[in-house]
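These numbers come from the heavy atoms of this one structure, side chains and all, not from hydrogens, waters or symmetry mates. As the structure is a computational prediction, the values presented were derived from the model and not from experiment. In this chain, numbering begins with 1 at the start of the sequence shown.
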Amino acid sequence: NRSDYLNSLPNKFFEAVYYKLPIITYNKGLVKKILSKYNIGIYCNNFKSLQNKILNKNLFLNYSKNRKKFLEKYAYQKIYSQYARFIENI
């Protein structure tokens with residue numbers, strides 16, 4: 001429950017989205033909020049919940065479709081160019 005853990009977005013998260021890998025996280029934090037908002041992965045707080053979600057094939061098909069929307073907004077090309085403009089304006 002450390003704030004640095006709950007408020008971080010590790011590079012592995014973006015790599016998993018880009019490479020269409022399953023994303024599973026704990027039921028708290030910023031990663032969970034993004035998974036929930038874009039419906040691109042599993043978050044749970046107990047084994048039974050995790051088991052039920054893993055066995056739901058339709059859920060994973062939806063995750064794959066929704067990743068495209070997420071990547072359109074957060075593609076590294078777009079983010080890097082926005083960041084470069086920001087740095088140039090400092």
Q: Rounded to the nearest 0.5 Å, how far does CD1 of Ile79 lie from NZ of Lys73?
A: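 If we round to the nearest 0.5 Å, Lys73:NZ and Ile79:CD1 are 9.0 Å apart.
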
Q: First locate atom CG of Leu35, then atom CZ of Phe70, and finally report the distance between them rounded to the nearest 0.5 Å.
A: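 Rounded to the nearest 0.5 Å, the CG-CZ separation comes to 8.5 Å.
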
Q: Quick one: salt bridge (Lys or Arg N to Asp or Glu O under 4.0 Å) pairs with a partner in residues 29-40, sequence neighbours left out?
A: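 Residue pairs with at least one partner in residues 29-40: there are none.
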
Q: Rounded to the nearest 0.5 Å, what separation is found between the CG atom of Asn66 and the CG atom of Leu61?
A: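 Atom-to-atom, Asn66:CG and Leu61:CG are 11.0 Å apart.
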
Q: Please report the shortest heavy-atom distance between Ala16 and Ile23, naming the atom on each side.
A: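 Here Ala16 and Ile23 meet closest at CB-CG1, 3.8 Å.
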
Q: Step through the shown structure and confirm whether more than 12 heavy atoms of other residues, nucleotides or ligands are within 6.0 Å of CG on Asn11.
A: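 For Asn11, atom CG is not crowded (no more than 12 foreign heavy atoms under 6.0 Å).
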
Q: With sequence neighbours excluded, what pairs up with Leu50 under the side chain to side chain contact (heavy atoms under 4.5 Å, CB included) test?
A: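 Leu50 satisfies side chain to side chain contact (heavy atoms under 4.5 Å, CB included) with Ile24, Ile42, Cys44, Ile54 only.
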
Q: Can you say whether the rings of Phe86 and Tyr83 are parallel (under 30°), tilted (30 to 60°) or perpendicular (over 60°)?
A: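 Parallel: the ring planes of Phe86 and Tyr83 meet at under 30°.
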
Q: Search all heavy atoms of Val31 against all heavy atoms of Pro10 and return the closest pair with its distance.
A: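 Minimum heavy-atom contact is CG2-CD, 4.0 Å.
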
Q: Roughly how far, to the nearest 0.5 Å, is the NZ atom of Lys12 from the CD atom of Glu15?
A: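 One gets 4.5 Å once the value is rounded to the nearest 0.5 Å.
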
Q: Measure the spacing between OH of Tyr19 and CZ of Arg67 and express it to the nearest 0.5 Å.
A: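 One gets 13.5 Å once the value is rounded to the nearest 0.5 Å.
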
Q: Do the side chain of Lys20 and the main chain of Ser64 share a donor and acceptor less than 3.5 angstrom apart?
A: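 No; judged by distance alone, with no hydrogens or angles, the pair does not exist.
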
Q: Between Glu72 and Lys69, does any NZ, NE, NH1 or NH2 come within less than 4.0 Å of an OD or OE carboxylate oxygen?
A: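 No salt bridge links Lys69 with Glu72.
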
Q: For Tyr18 and Phe14, what are the C-alpha separation, side-chain angles and deciding distance, and is it a side-chain contact (heavy atoms from CB on, under 4.5 Å)?
A: CA-CA 6 Å; Tyr18 182 79; Phe14 292 99; over 6 Å; no

Q: Considering residues at least two apart in sequence or located in another chain, which fulfil the ring pair (Phe, Tyr, Trp, His ring centres under 6.0 Å) criterion with Tyr63?
A: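 Expected list: Phe60.
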
Q: Looking at CG of Leu30 and CZ of Phe13, how far apart are the two atoms once the value is rounded to the nearest 0.5 Å?
A: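 Between Leu30 CG and Phe13 CZ, I get 8.0 Å after rounding to 0.5 Å.
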
